[in-house]
Amino acid sequence: MTPEIENAFAAIRAEFGAESITRVEQMLEPGGGERHPLQKGAKWIMPGLSPTPWHDPYSYAELAPVVRELEAGHQAIKKELNAAWAARREAFSDYEHYLTRQENWQALYLFREGCLVEESAATAPTAYQVLKEVAVDTEKICPLLECHFSTLLPGAVIEPHCDLWNFSINLHLAVDIPDGCSITVAGEARSWEEGKCLLFDYSFEHEARNSGTRPRTCLLIDLWHPETTVPERRALVALMAEIRRLMGEG
């Protein structure tokens, strides 16, 4: 670990206690501990988090307000999204996953690089406001990642992959869902129900496809895994920010 990380960790221990970030430190040990076979492609697995691919979106008191507000705003969110897709297509861009870039996977960002994307407030005002009030201002969003409208064009396939870690969790609001769309996580396939949320651990291998005849859009939010603690979240932000700096990513 670099001196910057050591100093950040020492400050967190001083504030929250010597054992407050033990799981983060264990994650960094050689070998990284045990993991589920379908998490093998993930870079970091923090021990002690439930190895559960699919989660009930309403099962966590911390996340339930986010789910409720997004689902309550669905009709307005869908109307604004469709208007933007029709009139402001330039606001969307090819999605750049850390593994690849896909032209048939389009994204409109609301939160990126640790902050809200202010120009999206006019394009998708309802989603932007809900995100700000229930996820950003409450620090439930993982600032290391993002929130965006994810649009898969007809015929698009997201190949099986694992994302980088298990200490954040992916929430999908099903905004506009044609027939023929599915998502598979750890071998279990599900379909989105328009206006409802899905919640899953994307450190498990997952894939998605749109076999329909029109675009499929979900609003994706990277939230802190609800089983992580405040000191762990601070340590993880410090750790990943320093790793990205060393890699020239920020």
I'd like to know if the side chain of His172 reaches the main chain of Asn170, judged simply by a donor and an acceptor atom lying under 3.5 Å from each other, with no hydrogens or angles considered.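 No; judged by distance alone, with no hydrogens or angles, the pair does not exist.
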Examine distances only and state if a side-chain atom of Arg234 and a backbone atom of Ile12 form a donor-acceptor pair shorter than 3.5 Å. no
According to salt bridge (charged side-chain N to carboxylate O under 4.0 Å, His left out), who are the partners of [X], at least two apart in sequence or on a separate chain?
{"X": "Arg214", "result": "Asp176"}
{"X": "Glu71", "result": "none"}
{"X": "Glu139", "result": "none"}
{"X": "Glu133", "result": "none"}

Residues 115-124 vs side chain to side chain donor-acceptor pair (under 3.5 Å), sequence neighbours excluded, gives Arg88-Thr123
Report yes if the side chains of [X] and [Y] come closer than 4.5 Å at any heavy-atom pair, otherwise no.
{"X": "Arg244", "Y": "Leu144", "value": "yes"}
{"X": "Leu81", "Y": "Leu219", "value": "no"}
{"X": "Met240", "Y": "Phe167", "value": "yes"}

Would Ile169 and Leu164 show up in the same hydrophobic cluster when neighbours are defined by side-chain heavy atoms closer than 4.5 Å?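 No, no single cluster joins them.
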State plainly whether one hydrophobic cluster holds both Leu173 and Val67, where clusters connect Ile, Leu, Val, Met, Phe, Trp and Tyr through side-chain heavy atoms under 4.5 angstrom apart. yes
With sequence neighbours excluded, what pairs up with [X] under the side-chain hydrogen bond (donor to acceptor under 3.5 Å, both in side chains) test?
{"X": "Arg68", "value": "none"}
{"X": "Ser168", "value": "Trp165, Tyr202"}
{"X": "Lys140", "value": "none"}
{"X": "Ser20", "value": "none"}

With Tyr109 via ring-ring contact (aromatic ring centres under 6.0 Å, His included) - residues at least two apart: His148
Set of side chain to side chain contact (heavy atoms under 4.5 Å, CB included) partners for Glu4, sequence neighbours left out: Thr2, Glu242, Arg245
Distance-only check: which donor-acceptor pairs under 3.5 Å involve side-chain atoms of residues 29-39, not counting sequence neighbours?
{"from": "Arg35", "atom 1": "NH1", "to": "Gln39", "atom 2": "O", "distance (Å)": "3.0"}
{"from": "Arg35", "atom 1": "NH1", "to": "Ala42", "atom 2": "O", "distance (Å)": "2.6"}
{"from": "His36", "atom 1": "ND1", "to": "Leu38", "atom 2": "N", "distance (Å)": "2.9"}
{"from": "Gln39", "atom 1": "OE1", "to": "His36", "atom 2": "N", "distance (Å)": "3.2"}
{"from": "Gln39", "atom 1": "NE2", "to": "Ser203", "atom 2": "OG", "distance (Å)": "2.9"}

Hey, what's the ring geometry for Trp54 with Phe200, parallel, tilted or perpendicular (30° and 60° as the breaks)? tilted
Within 45° cone and under 6.0 Å: Arg190 NZ/CZ vs Trp192 ring: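 Arg190 over Trp192 ring: no.
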